[in-house]
Number of protein chains: 2
Amino acid sequence: MKEIKTFSIKDDLCPVGFALKVIEGKWKLPILWVLCQNGTLRYNELKKSILGITNMMLTSSLKELEESGIVNRVQYNEIPPRVEYSLTEIGNRLLPVLDEFAKWGQELIGIKKL
Amino acid sequence: MKEIKTFSIKDDLCPVGFALKVIEGKWKLPILWVLCQNGTLRYNELKKSILGITNMMLTSSLKELEESGIVNRVQYNEIPPRVEYSLTEIGNRLLPVLDEFAKWGQELIGIKKL
DNA sequence: CAGCATCCTAACAGATACTG
DNA sequence: CAGTATCTGTTAGGATGCTG
């Protein structure tokens, strides 16, 4: 009888699952994308550059990304208010990983077209 | 005035988004994990090795993974029925990418503990 | 043994309007 | 300018029981 390795759901402290949660959600990748393309952006610049996003989703997605530690939020107490967002250092280090992921995705798309 | 690169939601044919969808969902990673640890497994072996999963979720997750092309399903027409699941070739090539992802996740966990 | 059908709930996401 | 608040719709996931 073969010995089967099990997986307990308690193990979802698994680093892959953890990393995945950080970028899951409809708007996280788009936000990361425009930030890595443009560097630092203000709230309204982000909003304009991500077509279709609402204030609610932009705000909550940014907050989660900030809490995850991959987006910086800098608030200037001016009138009118100014808030700038950018990728953190570890946020930037995610990019090459996503690139590998993209390559694999491309292969998969290629295979499915056969 | 700076030129801002935009992101249209229509672009979600983006390979990263595509790849992400394939492994999203509560049970996909656990399934991939036990398959890569054990090689080929039968339906009930999978069920036993993933604690807490229901028949419905196992069935639908396996079907999606199969449709994505990263899991093989082989049905033997015997009595009692036997169905075996394993990773496809491209499914196996996902593993090193997930490994990179895991390393990044570990770093992030490390940073957040500081 | 390997599943499918049905019903149910909770989390996610969108629309709209309002505020410091 | 940079968000909140509220209300509503949609989808993911779960419980339970049944079938070839």
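Quick note on labels: first sequence line is chain A, next is B, and so on, each numbered from 1. Fair warning: this is a prediction, and the values are worked out from it, not measured in the lab.
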Identify which nucleotide among [options] has an atom closest to any side-chain atom of [X], counting heavy atoms from C-beta outward.
| X | options | value |
| --- | --- | --- |
| B/K26 | C/dG3, D/dC1, D/dG13 | D/dG13 |
| B/K63 | C/dC4, C/dA2, D/dA2 | C/dC4 |
| A/R73 | C/dG3, D/dG3, C/dC1 | D/dG3 |
| B/P81 | C/dA13, D/dA2, D/dG20 | D/dG20 |
| B/R42 | D/dG3, D/dG13, C/dC1 | C/dC1 |
| A/M56 | D/dG3, C/dG14, D/dT16 | C/dG14 |

Next on the checklist: Would you say that more than 12 heavy atoms from the other residues, nucleotides or ligands in this model lie under 6.0 Å from the CG of B/L114, or not?
Outcome noted: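 Counting neighbours around CG of B/L114, more than 12 heavy atoms of other residues, nucleotides or ligands fall under 6.0 Å, so yes.
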Next on the checklist: Check this for me: B/W33, atom CH2, are more than 12 non-hydrogen atoms of other residues, nucleotides or ligands nearer than 6.0 Å?
Outcome noted: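 It does not: B/W33 CH2 has 12 such atoms or fewer within range.
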Least distance between heavy atoms, [X] atom then [Y] atom:
| X | Y | result |
| --- | --- | --- |
| A/K112 | B/E67 | NZ-O, 2.7 Å |
| B/L58 | B/I31 | CD1-CD1, 3.9 Å |
| A/E45 | A/T40 | OE1-O, 4.4 Å |
| B/G105 | A/A19 | CA-CB, 4.0 Å |
| B/I4 | A/N38 | CA-OD1, 3.5 Å |

Whole angstrom is fine here: how far is it from [atom1] in [X] over to [atom2] in [N]?
| X | N | atom1 | atom2 | value |
| --- | --- | --- | --- | --- |
| A/K28 | C/dC12 | NZ | C1' | 11 Å |
| A/L20 | D/dA12 | CG | C1' | 15 Å |
| A/M57 | D/dC7 | CE | P | 19 Å |
| A/I31 | D/dG3 | CD1 | C1' | 14 Å |
| B/Y43 | D/dG20 | OH | P | 17 Å |
| B/L41 | C/dC1 | CG | P | 15 Å |
| B/I79 | D/dT19 | CD1 | C1' | 13 Å |
| A/L58 | D/dC1 | CG | C1' | 13 Å |

Next on the checklist: Below the 4.0 Å mark, does D/dG3 have OP1 or OP2 next to a side-chain nitrogen or oxygen of A/Y85?
Outcome noted: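 For D/dG3, OP1/OP2 do have a side-chain N/O of A/Y85 under 4.0 Å.
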Item to check | side-chain N/O A/W27 vs C/dC12 OP1/OP2, d < 4.0 Å | outcome: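 For C/dC12, OP1/OP2 do not have a side-chain N/O of A/W27 under 4.0 Å.
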Checklist entry - Ion pair present between B/E24 and B/K21, side-chain N to carboxylate O less than 4.0 angstrom? => result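 Salt bridge absent between B/E24 and B/K21.
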Checklist outcome for this item: Secondary structure of DNA chain D per the Watson-Crick/G-U criterion (both distances under 3.5 Å; [ ] crossing, | other strand, . unpaired) is ||||||||||||||||||||
So what does [X] hit on the nucleic acid, given a heavy-atom distance under 4.0 Å: a base, only sugar-phosphate, or nothing?
| X | answer |
| --- | --- |
| B/N55 | base |
| B/Y76 | nothing |
| B/T59 | sugar-phosphate |

Checklist entry - More 5' along DNA chain C: A/T54 or B/P80, using each one's nearest nucleotide? => result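 Here B/P80 is the residue nearer the 5' end.
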Checklist entry - Mapping A/G25 and B/E84 to their closest nucleotides on DNA chain C, which lands nearer the 5' end? => result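 Taking each residue's closest nucleotide, the earlier one in sequence belongs to B/E84.
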